[in-house]
Amino acid sequence: MLQFIPLISELEISRQINKIGKMISKDYETKDLVLVGILKGSFIFLSDLTRQISIDHEIDLIGASSYKRTSSTGQIVFTKQPDLEFENRDILLVEDIVDTGNTLLKIVEFVQLLNPSSIKICSLIDKHERREVQIKVDYACFLLDKGFIVGYGLDYNEKYRNLPAIYDLKL
Ligand code: IMP
Ligand code: MG
């Protein structure tokens, strides 16, 4: 039986996003910010984060999913390309969770080809234990050592994204 152990409350999530939103608003004040959500996991985080950013910015989405079988080799498929022009703009990638880092590394490599002025990473969760590649998470709402979590956009076999808080899932 699946067990859902409460880990991060709705209130903690909203407080932390408010804080990160203020930091981003300050850091990007003189820049040309494009928030780029990575589908699907980031959709709830992205929608809350954009409303906590007080400076003008644009939003785009990139669809990427990793093949489970080969995730350790970082094989990913792009399911949606960005719509906006990225050249000479300041791209902030918005991700749900960085685990091994393989998915994000491939996305960064892809975005680099579009010649932006800068690329930074904002993740709801920065999970360390299984990190395989060197990747810097510039803005992280929460740090986590290990575990498998669901809720607030994060899924287990495509379910539980709708839970308003974050839970540690025990299988
Ligand atoms: P990475 O390439 O190993 O960094 O994998 C990142 C992706 O794996 C995330 O975007 C999630 O879709 C998924 N993932 C990794 N850890 C978790 C977790 O604890 N809960 C839900 N999804 C996770
Ligand atoms: Mg997922």
Side-chain angles (χ1 to χ4, degrees), residues 1-14 16-17 20-21 24 34-50 59-83 86 91-114 116 119-171:
M1 238 207 13
L2 295 179
Q3 253 190 308
F4 297 81
I5 299 162
L7 190 66
I8 308 171
S9 71
E10 285 184 73
L11 185 65
E12 285 174 278
I13 295 171
S14 71
Q16 207 47 32
I17 294 179
I20 297 285
I24 293 169
V34 185
L35 278 190
V36 179
I38 312 301
L39 294 171
K40 290 182 260 190
S42 74
F43 79 110
I44 295 178
F45 177 40
L46 179 71
S47 69
D48 281 341
L49 181 65
T50 183
I59 292 174
D60 208 341
L61 297 164
I62 289 178
S65 62
S66 38
Y67 282 117
K68 270 198 192 117
R69 271 181 304 126
T70 53
S71 65
S72 59
T73 59
Q75 291 285 338
I76 66 165
V77 256
F78 285 96
T79 54
K80 187 200 169 293
Q81 301 280 330
D83 303 321
F86 280 12
I91 307 303
L92 183 56
L93 297 172
V94 179
E95 178 62 300
D96 54 354
I97 184 165
V98 184
D99 186 13
T100 64
N102 283 312
T103 308
L104 211 46
L105 189 70
K106 294 284 170 201
I107 293 168
V108 168
E109 283 169 6
F110 165 73
V111 171
Q112 266 162 356
L113 301 174
L114 304 172
I119 308 174
K120 284 192 175 183
I121 294 165
C122 176
S123 187
L124 178 68
I125 314 274
D126 185 355
K127 187 166 78 176
H128 303 282
E129 196 192 31
R130 305 200 307 160
R131 192 64 43 88
E132 287 173 7
V133 296
Q134 240 199 337
I135 196 155
K136 180 173 165 233
V137 179
D138 301 279
Y139 304 94
C141 291
F142 300 98
L143 305 178
L144 190 68
D145 262 357
K146 54 184 171 185
F148 192 86
I149 56 169
V150 293
Y152 197 76
L154 289 138
D155 73 302
Y156 170 63
N157 287 344
E158 294 299 329
K159 293 208 171 57
Y160 317 118
R161 296 191 196 274
N162 59 310
L163 300 175
I166 294 172
Y167 297 82
D168 200 349
L169 186 68
K170 300 276 178 236
L171 299 167

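Keep in mind the model is a prediction, meaning the values are calculated, not measured. Counting starts at 1 for both ligands and their atoms, in listed order.
Distances from atom 5 (O) of ligand 1 to the heavy atoms of Thr103, Ile76, Ile107, Asp168 put Thr103 nearest. For atom 13 (C) of ligand 1, the candidate residues are Asp99, Ile38, Ile97; the nearest heavy-atom contact is made by Ile97.
Residue Val150 has no nitrogen or oxygen atom sitting less than 3.5 Å from a nitrogen or oxygen atom of ligand 1, judged on distance alone.
Judged by distance alone, the side chain of Thr50 and the main-chain N or O of Ser47 form no donor-acceptor pair under 3.5 Å. With Arg131 contributing its side chain and Val98 its backbone, the two residues share a donor-acceptor pair below 3.5 Å. Using a distance-only test at 3.5 Å, with no hydrogens or angles considered, no donor-acceptor pair links the side chain of Asp155 to the main chain of Arg161.
With a 4.5 Å cut-off on side-chain heavy atoms, Ile8 and Ile149 do not count as touching.
Near Ile149, the atoms of ligand 1 lying under 4.0 angstrom from a non-hydrogen atom of the residue are 18 (C), 19 (O), 20 (N), 21 (C). Shown in contact with Asp155 at under 4.0 Å from a heavy atom are these atoms of ligand 1, numbered in order with element: 21 (C), 22 (N). The atoms of ligand 1 that sit less than 4.0 Å from any heavy atom of Glu95 are 10 (O). Listed by number with element, the atoms of ligand 1 under 4.0 angstrom from any heavy atom of Lys127 are 16 (N), 17 (C), 18 (C), 19 (O).
Under the 30°/60° scheme for interplanar angles, the aromatic rings of Tyr156 and Phe148 are found to stand perpendicular.
For the ligand labelled ligand 1, residue Gly101 lies inside the 4.0 Å heavy-atom shell.
Counting heavy atoms closer than 4.0 Å to ligand 1, residue Leu169 contributes nothing at all.
Across all non-hydrogen atoms, the minimal contact from Asp96 to Ser123 is O-OG, 3.5 Å.
In this structure, Asp60 pairs ionically with Lys80, as a charged nitrogen and a carboxylate oxygen lie closer than 4.0 Å.
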